[in-house]
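What follows is one structure encoded as structure tokens, with my remarks underneath.
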Amino acid sequence: MKKFTYNLLATLLVMSLTMLTSCKKYLEEHPVASFSTAAAFSNVNTATAALLGVYARLAGDAGYGIRLSMYYTVDADDFVGPPSNTAPDNDRRDIARYVATSNNAQLEAPFENLYSGIERANICIKYIPLMAAYTSGSTSDQTALKRLYGEALTLRAQFYFELIRNWGDVPAPYIPSADQPTLKIAKTSQDAIYDHILADLLQAESLVPWRTEVSTRDERITKGAVKGLRARIALYAGGYALKGTQVSRRTDYLKLYQICHDECADLMANRSQHNLNTSFQTLFKNYVDARTLDPTYEIMFEVAMAGGSGVADSKLGYYDGPRSVNGSTSYGNSSLTATPTYFYAFDQNDTRRDVTICPYFTNIDGTKALQKLTIITSGKFRRDWITNPTIAPTSAAQYFGINWPILRFSDILLMFAETENEISGGPTSAATSALREVRARGFGGNTALIGTTPADKAGFFTAIMNERLFEFGGEGVRKYDLIRWNLFLPTITTSRANMTLMLNKQAPYANLPQSMYYQNASQTLVYGNSLYTTTPAATPAGYTKIAWISSLTAAYIASDAQAYKVNHSELLPIPQQSIDANPLLTQNPGY
């Protein structure tokens, strides 16, 4: 694997071009250019360095290194954030429980960072096409520069998409701040931003090469990623969102669904570019966590993480995964935990459960210790799966260089199935085939285990909802899916009701084990009793007992997304610092 890095030249170049370190400064100050744009965009190498500076805004603590990937994506019916010892904490716990205020400590940096990325992209979008080599250079230079231009358009679209799904209507500059008459800008409607970036992505498709048309294997954007992101953004643009004070969707949503559908269909017709890995576990254990590139290229777009710091790395595997334990000392945070009903929503033959959810911590001798059901963690990113090189069990490091997968080919299949069902008024054979392909992979390729696919529109949509729940747990998808379907509160209400049934030992959870036994002398977790039948009275010899269903409490149930309110909690509050800096920037409803 060759990870491309955001090198010092790129960082210094873009910093000198923009001098934009925060949205507040973006709204208040004029940029200073100590490194001239003529020099920055004088040749392919320097233009590439500038473009890598745009990529850099994806990584690190303020990007997908932790906040955008893990703080903002919970609570939902799959995973919940850490419990709060005090209320409120004005931090990530308040975000998870939907009680954050505009002064929350975790809001300003990502908001600023996304606008910094937009500003960097705007500079590249302006100046790259003005380069002499763009239209009259060698064939190789023209090809390289057009790719850079397409990448800049795509990155800007991703930054705006992240702003919209977290904050809704936002200011939307499309030119460098130096060219704007004022830096105090009012909000633009999210529908207008969506239309703009969808057009940008269509243009980018003609500029960016297919994966097989470039020789270097790295995390740079290729045509498949552009098309896949355009499909996803069109799907969200056609979904429900908080607009003003009411959740609604566009009247032309089917037009947007058609865009998504057609992009997915084109990608499905080009499987030499991207396809499903045959093994769900292998994808994450052997490639994502092993920090190598998947040969099937199922991961179509991922954020390159490296460097061991909050500037350009990620806390994947530290913040969300299982801990390493040395007696009373733990290494790791393990802050994202699965709801008990999510664990039991999986069919027991679905291989995705034990990848998506990790029930153990690892002792320093490599043995596995089962945890209580209410604290089993997100499992796709695990320190004990990391190789190339491995992470020492007693390492206090928090940054492991694990990339954040933004888009996978399985999402292409499921988006196609969802839009085909909606556009056609029910599932077609093509939609059914796409859904079953994803589901079959989850069951190790055994189609006899995947059940019957519903043949009616409503039933098929429910099947899509469930399949996305099983496929994308821990990847920051579920919360936003439920919002775009306008089903967040009903789903959470059902999840709480089911946990209450579980707590009270009622059907369909009446016969689940109140306790589990496990063998703590094995390098792999070994259960001493079934996860699906009542607990044996006696502890088997050589096994340890741990609370399982009995660890569930009424307080736990009530805490999941505890303060979520329709027509309010779909969006985060805009950081107060940005409101103070721009009198034209209004706060979101209820904040």
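Because only heavy atoms are used, hydrogens play no part in the values below, and waters and symmetry mates are left out as well, while side chains stay in. Keep in mind that this is a model prediction, so the values were computed, not measured.
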How many angstroms lie between atom [atom1] of [X] and atom [atom2] of [Y], to the nearest 0.5 angstrom?
| X | Y | atom1 | atom2 | result |
| --- | --- | --- | --- | --- |
| Leu413 | Glu418 | CG | CD | 13.0 Å |
| Cys358 | Asp320 | SG | CG | 10.5 Å |
| Arg165 | Ile483 | CZ | CD1 | 9.5 Å |
| Ile412 | Leu267 | CD1 | CG | 5.0 Å |
| Lys227 | Leu229 | NZ | CG | 12.0 Å |

Quick one: does [X]'s side chain have a donor or acceptor within less than 3.5 Å of a partner on [Y]'s backbone?
| X | Y | value |
| --- | --- | --- |
| Ser69 | Tyr64 | yes |
| Glu119 | Ser177 | yes |
| Asn421 | Phe460 | no |
| Gln587 | Ile574 | yes |
| Asp91 | Arg93 | no |
| Asp75 | Gly81 | yes |
| Thr462 | Ala458 | yes |
| Thr419 | Met415 | yes |
| Ser334 | Gly321 | yes |
| Arg249 | Gly238 | yes |

State, yes or no, whether a side-chain contact exists between [X] and [Y] at a heavy-atom distance under 4.5 Å.
| X | Y | result |
| --- | --- | --- |
| Leu107 | Tyr72 | yes |
| Asn567 | Pro589 | no |
| Asp169 | Thr188 | no |
| Asn166 | Phe111 | no |
| Tyr556 | Ser551 | no |
| Trp167 | Leu571 | no |
| Lys479 | Phe488 | yes |
| Thr339 | Phe79 | no |

### Query
Pairs in or reaching into residues 230-241: which pass salt bridge (Lys or Arg N to Asp or Glu O under 4.0 Å), with residues at least two apart or in two chains?
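Listed by first then second residue: Arg230-Glu263, Arg232-Asp411.
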
### Query
Taking only residues at least two apart or on different chains, which pairs with a member in residues 469-478 satisfy salt bridge (Lys or Arg N to Asp or Glu O under 4.0 Å)?
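The answer is Asp77-Arg478, Arg352-Glu471, Lys380-Glu475, Arg408-Glu471, Arg408-Glu475, Arg441-Glu471.
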
The criterion is side-chain contact (heavy atoms from CB on, under 4.5 Å); which residues satisfy it with [X], sequence neighbours excluded?
| X | value |
| --- | --- |
| Val226 | Thr154, Leu201, Ala204, Glu205, Val208, Ile221 |
| Thr500 | Asn504, Ile557 |
| Arg436 | Thr432, Ile450, Thr453 |

### Query
More than 12 foreign heavy atoms under 6.0 Å from NZ of Lys457: is that the case here?
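Enclosed.
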
Are [X] and [Y], when compared by the centres of their aromatic rings, separated by less than 6.0 Å?
| X | Y | value |
| --- | --- | --- |
| Phe161 | Tyr480 | no |
| Tyr71 | Tyr319 | yes |
| Tyr344 | Tyr509 | no |

Do [X] and [Y] meet the criterion of a side-chain donor-acceptor pair at a distance under 3.5 Å?
| X | Y | answer |
| --- | --- | --- |
| Tyr399 | Asp61 | yes |
| Gln106 | Arg92 | no |
| Tyr253 | Glu422 | yes |

### Message
side-chain contact (heavy atoms from CB on, under 4.5 Å), that's the test. Do Ile464 and Arg468 meet it? Break it down for me.
### Response
CA-CA 6 Å; Ile464 288 289; Arg468 294 184 68 84; 4.0 Å; yes

Restricting to ring pair (Phe, Tyr, Trp, His ring centres under 6.0 Å), what partner residues turn up for [X], sequence neighbours left out?
| X | answer |
| --- | --- |
| His274 | none |
| Phe461 | Trp485 |
| Tyr240 | none |
| Phe343 | Trp548 |

[X]: side chain to side chain donor-acceptor pair (under 3.5 Å) partners, not counting sequence neighbours:
| X | answer |
| --- | --- |
| Lys255 | Asp252 |
| Ser335 | Asn333 |
| Thr428 | Glu420 |

What is the minimum heavy-atom distance between [X] and [Y], and which atoms define it?
| X | Y | result |
| --- | --- | --- |
| Asn403 | Met305 | OD1-N, 2.9 Å |
| Ser102 | Gln577 | O-OE1, 4.4 Å |
| Tyr342 | Ile357 | CD2-CD1, 3.8 Å |
| Ala563 | Ser569 | O-OG, 3.8 Å |
| Pro454 | Ala463 | CD-CB, 4.0 Å |
| Ser314 | Ile402 | OG-O, 2.7 Å |

### Query
Can you check salt bridge (Lys or Arg N to Asp or Glu O under 4.0 Å) on Asp94 and Arg97, steps first, answer last?
CA-CA 5 Å; Asp94 282 358; Arg97 302 296 184 260; over 6 Å; no

### Task
Determine, step by step, whether Ile185 and Gln180 satisfy the side-chain contact (heavy atoms from CB on, under 4.5 Å) criterion, reporting the C-alpha distance in whole Å, the side-chain angles of both residues, the deciding distance to 0.1 Å, and the verdict.
CA-CA 10 Å; Ile185 306 171; Gln180 296 172 32; 3.1 Å; yes

#### Entry: side-chain contact (heavy atoms from CB on, under 4.5 Å) assessment of Leu114 paired with Tyr160
CA-CA 8 Å; Leu114 290 167; Tyr160 272 124; over 6 Å; no

### Task
Check the pair Thr222, Phe301 against side-chain contact (heavy atoms from CB on, under 4.5 Å), reporting the backbone distance first and the verdict last.
CA-CA 8 Å; Thr222 55; Phe301 181 30; over 6 Å; no

